[in-house]
Amino acid sequence: MDLISNLILIDSDSRRRAGISHVLSAGNIHVEPFENVSELAASWPRSGVVLIHDEDGTIEDLIESMAQHGDWFPIIAFSESPDAQRIVQAILDGAIDYIAWPISPEELTENLGKAITRAESLGNAKLREVMARARVDRLTRREREVLGGVASGLSNRLIGEKLSISPRTVEIHRANMLNKLGANHTSDAIRIAIEASLVN
């Protein structure tokens with residue numbers, strides 16, 4: 001539960017941010033409030049749990065920022081009266097829990113505790129998956145197809161036949177794909193593809 005001692009709050013609404021900080025400090029939780037992911041990235045924390053207001057693209061921006069820093073913090077999303085589809089999307093994007101706001105300090109503390117316990121069991125595997133997905137997301141559709149072929153053990157010639165392009169074009173896509181993934185070897189690219197759940 002010591003992760004709770006540092007709660008990173010990201011919310012563009014200053015009044016709500018102040019209100020949440022007040023509720024949490026009443027429950028003896030230290031809050032570091034930020035207006036957005038860019039502000040957080042400028043003074044990157046060493047540890048903590050992120051409570052982020054679920055707005056368009058905020059979770060994806062946070063995941064990308066964590067991948068760049070090589071750190072994964074458990075993400076708990078929140079919004080007012082979220083529908084089921086919104087909650088599912090946030091979880092798919094990388095949140096480990098979702099809270100409907102407003103919420104009492106007691107419920108919030110209890111929910112944070114449960115989320116942190118879940119986060120500790122996910123640990124490094126989740127970090128690797130988050131980072132791998134962020135890397136794969138940088139690829140073009142064609143580079144992703146080439147990565148899929150490489151991960152399936154196909155040669156450049158066979159990948160080219162499958163995609164109706166020349167082996168030379170496959171080589172170019174393959175070089176670009178390795179570069180964007182930050183992979184030194186094909187084996188690195190395959191590992192990243194597996195961690196990103198691109199192949200089973």
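Positions are given from 1, in the same order as the sequence printed here. Values in this document were obtained by computation on a predicted structure and should not be read as measured data. Just the heavy atoms: all of them, side chains too, but no hydrogens, waters or symmetry mates, feed the values below.
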Does the side chain of F78 reach to within under 4.5 Å of the side chain of L108, using non-hydrogen atoms?
no
Between K114 and D97, is the closest basic N to carboxylate O distance under 4.0 Å?
no
Flag the pair V88 / Q85 as yes when at least one side-chain heavy-atom distance between them is below 4.5 Å, and no otherwise.
no
Smallest separation among heavy atoms of G94 and I75, with atom names
O-CD1, 4.1 Å
In the single-linkage hydrophobic clustering (I, L, V, M, F, W, Y; side-chain heavy atoms under 4.5 Å), do L139 and I172 co-cluster?
no
When rounded to the nearest 0.5 angstrom, what distance separates CE in M177 from CD in E145?
12.0 Å
Taking A175's backbone N and O only, do any of them form a donor-acceptor pair with N179's side chain (distance below 3.5 Å, no angle check)?
no
Might you work through the side chain to side chain contact (heavy atoms under 4.5 Å, CB included) test for E129 and E195, ending with a clear yes or no?
CA-CA 5 Å; E129 181 191 336; E195 285 170 355; 5.6 Å; no
Ring pair (Phe, Tyr, Trp, His ring centres under 6.0 Å) with F34: which residues, sequence neighbours excluded?
none
Let me confirm one number: the CD1-CG distance from I159 to L154, rounded to the nearest 0.5 Å.
5.5 Å
Which pair of heavy atoms, one from G48 and one from P74, lies closest together, and at what distance?
O-CD, 3.5 Å
Do the side chains of V136 and R144 get nearer than 4.5 Å, heavy atoms only?
yes
Which pair of heavy atoms, one from F73 and one from M66, lies closest together, and at what distance?
N-SD, 3.2 Å
Apply side chain to side chain contact (heavy atoms under 4.5 Å, CB included) to residues L62 and I10 and explain how you reach the verdict.
CA-CA 10 Å; L62 178 58; I10 303 174; 4.2 Å; yes
Side-chain contact, heavy-atom cut-off 4.5 Å: S14 with E35?
no
Go through it in stages, so that I can follow the logic: the residues are E60 and R133, the test is salt bridge (Lys or Arg N to Asp or Glu O under 4.0 Å), and I'd like the CA-CA distance, side-chain angles, deciding distance and then a yes or no.
CA-CA 11 Å; E60 295 99 313; R133 275 199 192 160; over 6 Å; no
Counting C-beta onward and ignoring hydrogens, is there a side-chain heavy-atom pair between I59 and I52 closer than 4.5 Å?
yes
When rounded to the nearest 0.5 angstrom, what is the spacing between CG in D13 and CD in E80?
8.0 Å
Quick one: pull up CZ in R142 and CG in L163 and give me the separation to the nearest 0.5 Å.
5.0 Å
Count the heavy atoms of every other residue, nucleotide or ligand shown that sit under 6.0 Å from CG of D56, and state whether that count exceeds 12.
no
When you measure from the side chain of S152 to the backbone of G148, do you find a donor-acceptor pair of N or O atoms at a distance under 3.5 Å?
yes
Heavy-atom nearest pair, I8 first then S47, reads CD1-O, 4.0 Å
Determine the interplanar angle of the H69 and W44 rings, folded into 0 to 90°, and report it as parallel if under 30°, tilted if 30 to 60°, perpendicular if over 60°.
parallel
Interatomic distance, K180 atom NZ to R138 atom CZ [nearest 0.5 angstrom]:
10.0 Å
Is E171 salt-bridged to R157, cutoff N-O under 4.0 Å?
no
For E55 and S12, does a side-chain donor sit closer than 3.5 Å to a side-chain acceptor?
yes
Short side-chain donor-acceptor distance under 3.5 Å, T186 and R174:
yes
Which is it for Y98 and R86 under the side chain to side chain contact (heavy atoms under 4.5 Å, CB included) test, yes or no, and what are the steps along the way?
CA-CA 10 Å; Y98 206 107; R86 189 168 183 178; 3.6 Å; yes
Main-chain N/O of N36 paired with T58 side-chain donor or acceptor, under 3.5 Å:
no
For D93, check salt bridge (Lys or Arg N to Asp or Glu O under 4.0 Å) against everything at least two apart and list the hits.
none
If you define the side chain from C-beta out and look only at heavy atoms, does anything of L147 sit under 4.5 Å from I190?
no
Is there a side-chain contact between V31 and I20 in this structure, where contact means two heavy atoms from C-beta onward sitting under 4.5 Å apart?
no
Heavy atoms of A196 and A132 approach each other most closely as N-CB, 3.7 Å
Starting at OG of S79, measure out to CD1 of I99 and round the result to the nearest 0.5 Å.
10.5 Å
Less than 4.5 Å apart, any side-chain heavy atom of L40 and any of S65?
no
Residue list, side chain to side chain contact (heavy atoms under 4.5 Å, CB included) with H22, at least two apart or on another chain
none
